[in-house]
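Since this is a predicted model, take the numbers as computed values, not measurements. Chain naming here is simple, since letters A, B, ... match the order of the sequence lines and numbering starts at 1 in each.
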Amino acid sequence: MHDTRFNPIKADATWQAAWEKAAIFATPAADDPRPKSYVLEMFPYPSGRIHIGHVRNYTMGDVLARFRTMTGHAVLHPMGWDAFGMPAENAAMEKGVHPGTWTRANIAAMKAQLLRLGLAIDWSREFATCDAAYYGHEQAMFLDMFDAGIVYRKESAVNWDPVDRTVLANEQVIDGRGWRSGALVERKKLNQYFLRITDFAEELLTGLGELDKWPDKVRLMQENWIGKSEGLIANFSLVGSEQGVEVFTTRPDTMYGASFLAIAADHPLAQSLAANAPELATFIEQCKQGGTTAAELETAEKLGFNTGLSVQHPLDPDWHLPVWVANFVLMDYGTGAVFGCPAHDQRDLDFARKYGLPVRRVVADGDATDADFDGDIAFTGAGAIVNSHWMDGMSVAAAKAAIIARAEHDRWGHAKVQYRLRDWGISRQRYWGTPIPIIHCDACGVVGVPRDQLPVVLPDDVDFATPGNPLDRHPTWRDTNCPKCNAPARRETDTLDTFADSSWYFIRFASQPQDAPFSRAEAESWLPVGQYIGGIEHAILHLLYARFWTRALHRMGKISITEPFAALFTQGMVTHETYRDATGNWLSPDEVRDENGVLTSLDGGAVTRGRVEKMSKSKKNVVDPDGIIDQYGADAVRWFMLSDSPPERDLLWTESGIEGCWRFVQRLWRLFDAAAESGDGARDMALDKACHRAIAGVAADIESLTFNKAVAKIYELVNAIEKSRVPASRHDAIRILPRLISPMLPHLAEEGWQALGGSGLVAQQSWPEHDAAMLVDDDVTIAVQINGKLRDTITLPRDASREVAQAAALANARVQAAIAGATPKKIIVVPGRLVNIVV
RNA sequence: GCGGACGUGGCGGAAUCGGUAGACGCAGCGGACUUAAAAUCCGUUUUCCCAAGGAAGUGCGGGUUCGAGUCCCGCCGUCCGCACCA
């Protein structure tokens with residue numbers, strides 16, 4: 001029996017099976033002659049369920065991948081799992097399930113959900129980062145970097161949770177306490193591995209310049225994160241000592257305005273003084289307390305402790321400056337010491353006013369050149385240098401250069417480029433991560449695991465009953481022999497930060513030999529990723545680490561590319577209204593009834609409408625992808641993900657919106673179902689042209705990822721088809737539609753393609769060609785303006801001359817009435833657009 | 001505090017180069033079909049005076065231009081990133 005409606009449940013399953021059977025999403029060979037197109041969406045963490053944000057992300061990538069295939073590209077469109085990380089260990093502790101078991105089950109569940117979307121993914125390349133076959137290669141690369149000096153080991157302070165016996169990231173410390181245990185977090189020194197990303201700071205910065213297909217916003221965020229600043233390192237000699245204090249400044253031009261030296265609480269000089277000065281020791285302790293949140297720093301008072309020491313001013317040895325320990329100086333930026341120039345730095349001014357230190361103007365603020373500086377607002381602008389002896393009258397820039405030259409000549413300082421970026425600490429005292437392939441030997445020290453003993457596999461028999469890292473207390477796993485001297489030795493029990501796993505997965509997708517991380521030729525045939533799509537939340541860390549990892553491989557001669565992602569797109573979130581009942585509890589959308597805008601709960605209680613927010617479990621404003629696919633089918637859901645909102649902005653999920661998509665899917669299906677058999681007879685030029693415009697326009701919009709505009713153009717074409725009464729043109733236009741919608745509505749497109757007698761699968765067809773001549777109209781509507789205001793429109797041949805257009809405009813009845821016989825002062829003619837008559 | 005983005009109908013948004021503002025969708029309103037509903041179809045919807053025809057209009061105030069949503073200056077608002085970075 002003939003269906004009267006499109007049945008997505010049936011169609012989705014049918015066509016997904018057909019695609020799989022024909023293996024049409026298999027990646028072409030590396031030597032495929034077609035141009036390559038690598039489309040990649042950020043791979044998901046297997047938390048257990050796909051959420052709607054994934055659906056939006058993967059739909060966008062899928063549209064592009066399918067479109068690129070139709071336009072003659074060899075496409076790589078893979079998917080995998082960012083499978084290591086904390087949630088699996090938390091699940092292990094809470095539910096007693098092994099992290100691996102939990103993760104594998106989640107992957108299976110999420111893959112089943114993804115399959116329902118009908119994504120054009122080559123699943124044969126799927127992997128999870130917790131596969132030993134993946135992380136073993138990561139260990140090999142770690143060792144390469146170790147040998148190349150890119151990895152180093154350093155004692156460094158970490159946030160230590162004494163109850164959970166683990167290191168916490170800064171984000172996991174809330175009000176000084178561990179986010180899980182609630183225990184007071186301790187600062188603890190541990191030997192940790194670092195990647196020397198700061199060595200790459202300059203090239204990571206300049207490399208941003210060639211990423212012209214990245215959002216400016218992301219490039220700027222990375223630029224700020226790297227935080228390059230140029231200045232002077234100056235040595236201030238301690239009075240009565242051979243030693244000195246090194247200071248970094250970006251304002252050497254203000255050196256004659258110096259009034260004190262300030263060092264960080266954990267500066268070695270402060271530490272050594274504290275040994276014999278209990279008051280200072282107390283002060284240092286005080287500095288370490290107090291939060292580091294934005295609000296706290298905003299209001300934090302400047303605190304200082306006068307050490308009683310003084311230093312010589314490098315420009316005048318007779319001029320002595322007091323040395324203070326100050327809470328606003330950071331040990332891990334610059335040298336951990338600054339000279340205070342209160343007149344031209346707000347922090348220094350606050351500090352100087354509080355402790356009664358001199359405030360001396362050395363940069364003129366307009367007419368103000370007086371050495372005595374009034375007020376509590378520092379002058380940080382540019383101006384002529386004053387009260388600075390030989391530098392008086394110089395510009396700030398000239399003075400900086402002059403003083404750096406002098407410092408280098410007199411050997412008390414040198415120019416310095418300073419970066420905000422810190423080296424990447426990659427040690428984690430956790431189980432569920434890539435084991436760091438290092439062996440500790442009492443005689444030989446730190447020794448890399450020999451390549452032929454990789455992968456160092458995580459042991460399965462671990463227990464999470466006690467807090468801490470299970471690798472650390474495993475009865476046998478730690479024990480091994482030194483690869484060099486064969487003496488008993490210990491394995492490193494730390495694992496790698498999971499950001500390492502996601503720093504090269506895109507290379508592994510492109511090439512996955514067994515015996516190496518990747519084969520160079522094959523990887524380079526696909527890389528860099530042609531289009532990378534994901535959330536803005538990864539703007540800094542993931543994207544910076546992946547760029548760094550790629551450059552590290554490049555520096556070691558392993559790969560020729562330097563940038564992994566040629567184009568980046570950051571999509572917006574999916575949002576939904578929030579609801580609360582009378583007692584303030586969150587309600588989910590299906591617990592709320594809407595009758596003409598009046599909201600009630602299912603039991604009739606009052607409901608208030610809250611803000612539109614990102615879908616989250618805690619606010620209960622989520623829609624479950626499985627549920628909506630059950631109800632509307634994959635295509636309607638995909639269509640909604642692409643409609644209305646520009647992809648980089650947030651998308652508001654609404655019931656009425658998805659129902660509109662569902663209606664449109666049905667409308668298309670009716671068109672296919674009732675299409676005429678023959679395309680002979682008279683033509684409807686307007687429809688024929690609309691068709692060609694749609695083909696060209698939709699292609700351009702998919703290419704530029706403006707899917708909302710592509711959607712609008714398809715609506716326009718369908719509206720035009722439905723309005724037209726000319727069978728021949730309708731016949732042809734309807735036969736264009738399946739290919740046009742195939743990237744976005746792939747199941748319906750197959751259904752239509754089949755119903756209209758197409759052979760094979762529409763997913764394998766070429767994108768329809770458009771006739772450029774059909775994109776231009778013979779007649780154009782021209783605006784007739786008087787003094788820039790629209791008065792009428794006239795229709796003229798497209799190639800009408802200026803003279804013809806002007807004459808036609810002047811002959812227009814409304815123009816005649818408006819100018820009333822007067823002579824126009826000026827007439828502007830823009831051919832094909834408008835005539836503006838100035839009177 | 002520093003840096004950045006954005007502000008267009010009831011809502012999401014379109015307007016690619018400074019050239020007819022409001023495409024397309026949602027919601028609304030009126031109508032057709034129907035015993036009725038659903039579904040579908042037709043029409044309509046920036047505001048004001050409204051019959052015609054006008055006038056105003058893209059956060060606010062200025063400017064450049066024959067012409068500004070678009071460019072420039074100054075405000076206001078919202079959002080995002082970083083932050084005692086010397």
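- Shown here for A/S645 and A/D650, the closest heavy-atom pair between the two residues is OG-O, 3.2 Å.
- Of the side-chain N and O atoms in A/N836, none sit less than 4.0 angstrom from OP1 or OP2 of B/rU20.
- At a cut-off of 3.5 Å, with distance as the only test, no side-chain donor of A/Y715 or A/S643 sits close to an acceptor on the other residue.
- Listed nucleotides B/rG13, B/rG19, B/rA86 differ in distance to A/S645; the shortest reach to its side chain belongs to B/rG13.
- The side chain of A/R347 lies closest to B/rC85 when the candidates are B/rC24, B/rA15, B/rC85.
- Taking atom P in both B/rG69 and B/rU8, one finds a spacing of 14 Å when rounded to whole Å.
- Taking each heavy atom of A/L717 and A/L687 in turn, the nearest pair found is CD1-CD1, 4.3 Å.
- Across B/rA51 and B/rC42, the matching C1' atoms stand 25 Å from one another, rounded to whole Å.
- Aromatic ring pairs are classed by plane angle as parallel below 30°, tilted from 30° to 60° and perpendicular above 60°; the pair A/F351 and A/F328 is perpendicular.
- Where A/A712 and A/R833 each meet RNA chain B at their nearest nucleotide, the meeting point lying more 5' is that of A/R833.
- Comparing B/rA86, B/rA14, B/rG3 against the side chain of A/L220 picks out B/rG3 as the nearest.
- Nucleic acid contact for A/K709: sugar-phosphate only, since backbone atoms but no base atoms lie under 4.0 Å from a heavy atom of the residue.
- Separating the C1' atom of B/rA14 from that of B/rC66 is a span of 26 Å, rounded to the nearest Å.
- Side-chain N/O atoms of A/N708 include one lying less than 4.0 angstrom from OP1 or OP2 on B/rA14.
- Considering only side-chain N and O atoms, A/R420 lies under 4.0 angstrom from the phosphate OP1 or OP2 of B/rA83.
- Contact between the side-chain N/O atoms of A/R791 and the OP1/OP2 oxygens of B/rA55 is found at a separation under 4.0 Å.
- Residue side chain A/K302 reaches the base of B/rC84 through a donor-acceptor N/O pair under 3.5 Å, judged by distance alone.
- In this pair, A/H542 and A/H538 present their aromatic rings perpendicular. The plane angle is above 60°, beyond the 30 to 60° band.
- Note that NZ of A/K713 and CD1 of A/I695 are 13.5 Å apart. Values are rounded to the nearest 0.5 Å.
- When the C1' atom is used for both B/rU64 and B/rG13, the distance is 30 Å, rounded to whole Å.
- Under the Watson-Crick and G-U wobble criteria, each requiring two contacts below 3.5 Å, nucleotide B/rG1 is paired to B/rC82.
- The aromatic rings of A/H344 and A/F379 stand perpendicular to each other, their planes meeting at an angle above 60°, with 30° marking the opposite boundary.
- Listed candidates were B/rC66, B/rA14, B/rU40. Nearest to the side chain of A/R649 is B/rA14.
- Heavy atoms of A/T781 sit under 4.0 angstrom from at least one base atom.
- For B/rA37, there is no paired base (Watson-Crick or G-U wobble, both distances below 3.5 Å).
- The partner of B/rU47, taking Watson-Crick or G-U wobble pairs whose two distances both stay under 3.5 Å, is B/rA55.
- Contact annotation: A/K826 reaches the phosphate of B/rC66 (side-chain N/O to OP1 or OP2, under 4.0 Å).
- Counting non-hydrogen atoms under 4.0 angstrom, A/V329 reaches a base of the nucleic acid.
- The nucleotide whose nearest atom lies closest to any side-chain atom of A/Y715 is, among B/rG25, B/rA86, B/rG3, B/rG25.
- Counting non-hydrogen atoms under 4.0 angstrom, A/V830 reaches a base of the nucleic acid.
- Residue A/I540 has its side chain nearest to B/rC82 when only B/rC82, B/rA86, B/rC85 are considered.
- Following rounding to the nearest Å, A/L543 (CG) and B/rG81 (C1') show an atom-to-atom distance of 14 Å.
- For the pair A/K228 NZ and B/rC2 C1', the interatomic distance rounds to 20 Å; values are reported in whole Å.
- Among the atoms of the strands shown, only primed sugar atoms or phosphate atoms (P, OP1, OP2) are found under 4.0 Å from some heavy atom of A/G660.
- Residue A/R814 has its side chain nearest to B/rG54 when only B/rA83, B/rA23, B/rG54 are considered.
- At whole-Å resolution of the value, CD in A/E659 and P in B/rG12 are 20 Å apart.
- Annotated as anti: B/rG74, whose O4'-C1'-N torsion sits more than 90° from 0.
- Where A/N719 and A/K789 meet RNA chain B, the nucleotide closest to each residue was compared, and A/N719 sits on the side nearer the 5' end.
- A perpendicular orientation is assigned to the rings of A/H313 and A/F236, their planes being inclined by more than 60° (bins at 30° and 60°).
- Nearest approach of A/N621 to A/E577, heavy atoms of both residues: CB-O, 3.2 Å.
- Considering only the side chain of A/T250, B/rA86 comes nearest among B/rA86, B/rC66, B/rG3.
- The distance from atom CD of A/E648 to atom C1' of B/rG13 is 11 Å, rounded to the nearest whole Å.
- Looking at the side chain of A/T793, the nearest of the listed nucleotides B/rU20, B/rC41, B/rC85 is B/rU20.
- Here the separation of B/rG9 from B/rA23, taken at their C1' atoms, is 14 Å to the nearest Å.
- Nucleic acid contact class of A/Q785 (heavy atoms, under 4.0 Å, all strands): base.
- Nucleotides B/rA21 and B/rU70, compared at atom C1', are 11 Å apart to the nearest Å.
- B/rC29 and B/rU45 have their C1' atoms separated by 8 Å, with the value rounded to a whole Å.
- As a whole-Å value, the separation of A/D216 CG from B/rG3 P is 17 Å.
- Glycosidic torsion of B/rC17 falls within 90° of 0, placing the base in syn.
- In this structure, the CE atom of A/M221 is 13 Å from the C1' atom of B/rC79, given to the nearest Å.
- The shortest distance between the side-chain N/O atoms of A/K217 and the OP1/OP2 oxygens of B/rG3 is not below 4.0 Å.
- Whole-Å rounding puts the A/L652 CG to B/rG25 C1' distance at 13 Å.
- In this structure, the nucleotide among B/rC85, B/rA86, B/rC84 sitting nearest to the side chain of A/F248 is B/rA86.
- Rounding to whole angstrom units, CZ of residue A/R251 and P of B/rA86 are separated by 11 Å.
- For B/rU20 and B/rC2, the P atoms lie 39 Å apart once the distance is rounded to whole Å.
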